[in-house]
Amino acid sequence: MSSGPRPRLRLEDVDGVTVVSFTDNKLVTDDQILEVGEQLNALAEDGAKQKILLNFGNVQYCSSTVLGKLVGFKRRIDKSKGKLKFCCIHPDLMIPFKLTGLDKVFEIYAEEQAALDKF
């Protein structure tokens, strides 16, 4: 008995900030990327969640397609006047962010608490 795609994101409320953690350590398959995109879109449509922190602590690798999904997610959050921050990006995962200039587009913090303190 299948209940649909498994959650690719784990949500937790920390002092009014929705902390979103990825459940996969690699985001590379089309199915994973599609499901992450759908779950991020659902999160963006939830007007109650205006402060969002994406915690990449579990992610060791992701495809460049995921970066595109993150840019689209940021646009949707910005449009709804929400706030989005990233944290705990593995140094190897940070390389594509820097190569594409996305390290300047997103607010990125080394630790979750440091990001939470900036909301």
Side-chain angles (χ1 to χ4, degrees):
M1 175 166 92
S2 175
S3 60
R6 75 178 187 88
R8 301 286 178 186
L9 306 175
R10 186 178 65 247
L11 279 57
E12 176 185 6
D13 184 273
V14 179
D15 297 326
V17 176
T18 303
V19 178
V20 180
S21 301
F22 295 86
T23 59
D24 297 292
N25 61 1
K26 292 182 180 176
L27 299 170
V28 292
T29 70
D30 290 341
D31 286 346
Q32 287 174 315
I33 296 165
L34 179 66
E35 291 166 9
V36 164
E38 288 173 350
Q39 291 169 24
L40 286 174
N41 286 340
L43 187 60
E45 290 172 7
D46 183 349
K49 302 199 180 338
Q50 288 295 301
K51 297 177 182 176
I52 300 172
L53 174 60
L54 294 185
N55 184 323
F56 287 81
N58 191 42
V59 181
Q60 296 172 356
Y61 180 81
C62 70
S63 77
S64 59
T65 307
V66 173
L67 298 179
K69 298 279 186 198
L70 295 173
V71 170
F73 181 62
K74 180 180 183 344
R75 284 189 189 126
R76 294 182 78 172
I77 297 300
D78 288 349
K79 187 175 182 179
S80 68
K81 305 281 191 260
K83 294 183 180 175
L84 174 66
K85 300 181 190 319
F86 292 6
C87 71
C88 305
I89 298 178
H90 188 276
D92 292 341
L93 187 57
M94 196 64 188
I95 293 169
F97 279 86
K98 289 182 177 179
L99 289 174
T100 58
L102 291 176
D103 61 322
K104 306 290 188 253
V105 173
F106 299 115
E107 283 188 57
I108 302 174
Y109 297 86
E111 301 294 329
E112 181 176 300
Q113 191 59 53
L116 288 169
D117 291 344
K118 295 296 182 176
F119 276 100

Take Asn41 and Glu45 through the side chain to side chain donor-acceptor pair (under 3.5 Å) test and state the conclusion after the steps. CA-CA 6 Å; Asn41 286 340; Glu45 290 172 7; over 6 Å; no
Ring centre gap for Phe56 and Phe22 strictly below 6.0 Å: yes
Decide yes or no for Leu93 and Val59: does some side-chain heavy atom of the first lie under 4.5 Å from some side-chain heavy atom of the second? yes
Under 3.5 Å donor-acceptor, Gln60 side chain and Asn25 backbone: no
Do you know the tightest heavy-atom contact between Leu9 and Gln39? N-OE1, 3.1 Å
Run through Asp31, Thr23, Asp24 and flag the one making a side chain to side chain donor-acceptor pair (under 3.5 Å) with Arg8. Asp24
Atom CG of Asp92: over 12 foreign heavy atoms under 6.0 Å: yes
Audit row: Tyr109, Glu107, side chain to side chain donor-acceptor pair (under 3.5 Å) steps and yes/no: CA-CA 7 Å; Tyr109 297 86; Glu107 283 188 57; 2.8 Å; yes
For Ile52 and Leu54: C-alpha separation, side-chain torsions, deciding distance, then whether side chain to side chain contact (heavy atoms under 4.5 Å, CB included) applies. CA-CA 6 Å; Ile52 300 172; Leu54 294 185; 4.2 Å; yes
Ignoring hydrogens, what is the shortest heavy-atom contact between Glu112 and Cys87? Give both atom names and the distance. CA-SG, 3.6 Å
Cation-pi check, Lys85 to Phe119: give yes when NZ or CZ is under 6.0 Å from the six-membered ring centre and within 45° of the ring axis, no otherwise. yes
Going through the distances and angles, do Tyr61 and Val28 end up as a side chain to side chain contact (heavy atoms under 4.5 Å, CB included)? CA-CA 8 Å; Tyr61 180 81; Val28 292; 3.2 Å; yes
